[in-house]
Protein chains: 2
Amino acid sequence: MVEHIERQTKQKDAIRAALADCEEFISAQDLHRKLEDEGSKIGLATVYRQLNALADAGAADTIRLDGQQLFRLCGDDGHHHHLVCKKCGRTVEIDPPSESWLRKVAEGHGFTVESHTLEVFGLCPECQKP
Amino acid sequence: MVEHIERQTKQKDAIRAALADCEEFISAQDLHRKLEDEGSKIGLATVYRQLNALADAGAADTIRLDGQQLFRLCGDDGHHHHLVCKKCGRTVEIDPPSESWLRKVAEGHGFTVESHTLEVFGLCPECQKP
DNA sequence: CTGGATGCAAACGCTTTGCAAATAG
DNA sequence: CTATTTGCAAAGCGTTTGCATCCAG
């Protein structure tokens, strides 16, 4: 099998940089718009491709919200979950649940644990204000 | 404001019944196919509308898996989560995580908790066999 | 009768893909 | 030079919507 050598392109850099700039999860479309606003003329398809590549490579985290896929650069390598504000979309990283609890429950049903997702939705402090 | 009076139709009944028949989560398209197979000629749009209505009314639970929305009739009113087999798709209901833990974490960030989803992916006993 | 419900097909929004042109190594 | 990457536009997918028709109340 032939190895696929990753090529370094300005588009990839721009996308990665723009993603790194984001503190929160961002959709491919929003990232594309952000790049356009910054002057980078990058095709939407390229943004999707690069984002998926990053996610596949484990360099980016993704969550699904409301039918869209949101991406964020993976800072740490560990598992983490999110508290998502239903109103403004702000997300806060939360600590992993007790992994042992998970494993215990899964194995109680004879399942192995490969991955899991946990998302908590609510209102952030700002959006709770009247 | 005028009240919307729910009308009783055979389509609604059929959809609700078919959904009740399902033990696992099912997509709108699959449910539509199932209904067709049973001889009910119901429009796909109606299935979507009814399913969304059930979900809005809180009578059905929905999860998003792989870009699709899956529905299931809410048997119990409590919260529950799933262990999903990556290979065969089998799902097992699991007990809720310590709700208090969730709330504690969320409130630690000033968030309220409105809802949450937890999905655990792995291999079921069958699919672990070589 | 009357207004909610249905069915159809067209519209939608997000994402992916085919393909020719551009370009990194 | 050659294979990867890009950009564009078209296709794909699940879902929603407009509208004429249907039918429960």
Side-chain angles (χ1 to χ4, degrees), chain A residues 1-19 22 24-57 59-72 84 89, chain B residues 1-19 22 24-57 59-72 89 117:
Chain A
M1 168 202 170
V2 190
E3 277 296 328
H4 267 220
I5 300 101
E6 268 256 334
R7 259 173 208 184
Q8 160 97 353
T9 65
K10 48 184 63 171
Q11 287 90 330
K12 283 186 182 176
D13 287 347
I15 292 170
R16 210 185 176 107
L19 189 56
C22 288
E24 303 302 348
F25 279 87
I26 189 171
S27 71
Q29 315 239 17
D30 285 350
L31 192 64
H32 177 240
R33 205 168 308 127
K34 180 182 157 91
L35 283 162
E36 272 190 333
D37 290 350
E38 289 175 353
S40 316
K41 300 277 179 280
I42 296 184
L44 179 56
T46 302
V47 174
Y48 272 104
R49 278 189 280 236
Q50 189 55 20
L51 246 25
N52 281 333
L54 286 170
D56 284 351
D61 243 10
T62 91
I63 61 174
R64 271 186 188 276
L65 187 53
D66 206 44
Q68 293 195 212
Q69 194 158 18
L70 307 183
F71 300 81
R72 217 195 64 163
V84 183
Chain B
M1 167 202 170
V2 189
E3 278 296 327
H4 266 222
I5 300 101
E6 268 258 332
R7 263 177 205 178
Q8 161 97 351
T9 66
K10 47 182 65 170
Q11 286 90 331
K12 281 185 183 175
D13 288 346
I15 292 171
R16 208 184 179 108
L19 189 57
C22 288
E24 303 302 348
F25 279 89
I26 190 170
S27 70
Q29 316 239 17
D30 285 349
L31 191 63
H32 177 239
R33 204 168 310 127
K34 180 181 157 89
L35 284 162
E36 272 191 334
D37 291 350
E38 289 174 355
S40 317
K41 300 278 180 278
I42 296 185
L44 178 57
T46 301
V47 174
Y48 272 104
R49 277 188 282 236
Q50 190 55 19
L51 245 26
N52 282 333
L54 286 171
D56 284 352
D61 244 9
T62 90
I63 61 174
R64 270 188 189 277
L65 188 53
D66 205 45
Q68 294 196 208
Q69 195 158 18
L70 307 183
F71 300 80
R72 217 194 63 163
T117 65

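Below, chain A is the first sequence line, B the second, and so on; all start at residue 1.
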Does B:S27 put a side-chain nitrogen or oxygen below 4.0 Å from OP1 or OP2 of D:dG14? no

In whole angstroms, how far is the P atom of C:dT15 from the CD1 atom of A:I26? 12 Å

Pair A:Y48-A:Q69, side-chain donor/acceptor within less than 3.5 Å: no

Protein-nucleotide distance (A:Q11, atom CD; C:dA24, atom P), rounded to Å: 8 Å

Contact nearer the 5' end of DNA chain D, comparing B:R64 with B:Q8: B:R64

Send over the distance from B:Q68 CD to C:dT15 C1', rounded to a whole Å. 14 Å

Kindly indicate whether the side chain of B:R49 and the base of C:dG4 share any N or O donor-acceptor pair separated by less than 3.5 Å? no

Closest approach to the side chain of B:Q29, judged atom by atom: which nucleotide of D:dT15, C:dT15, C:dT6 is it? D:dT15

Calculate, to the nearest 0.5 Å, the distance between atoms CZ and CG belonging to A:F71 and A:N52 respectively. 5.0 Å

Could you work out which one of C:dG7, D:dT16, D:dG7 sits closest to the side chain of B:Y48? D:dT16

Separation of C:dC14 atom P from A:N52 atom CG, nearest Å, is 15 Å

Phosphate OP1/OP2 of D:dT5: any A:K12 side-chain N/O under 4.0 Å: yes

So does A:K10 pair up with A:D13, basic N to acidic O under 4.0 Å? no

Within the pair A:T9 and C:dT23, is there a side-chain N or O less than 4.0 Å away from OP1 or OP2? no

How far does NZ of B:K12 sit from CD of B:E6, to the nearest 0.5 angstrom? 3.5 Å

In this structure, CG of A:L44 is separated from CZ of A:R33 (nearest 0.5 Å) by 9.5 Å

If you take atom types as modelled and just measure distance, does the side chain of A:R7 reach the base of D:dA3 with a donor-acceptor pair under 3.5 Å? yes

What is the separation between atom NZ on B:K10 and atom P on D:dG25, rounded to the nearest whole Å? 12 Å

Can you tell me the distance, in whole Å, between the CG atom of B:D13 and the P atom of C:dT6? 10 Å

Within the structure, does a side-chain N or O atom of B:T46 lie under 4.0 Å from either OP1 or OP2 of C:dG7? yes

Round to the nearest Å and state the distance from A:D66 atom CG to D:dT15 atom C1'. 12 Å

B:A45 or B:E6: which one's nearest nucleotide on DNA chain C is closer to the 5' end? B:E6

Measure CZ/A:F71 against C1'/C:dC14 and give the value in whole Å, please. 11 Å

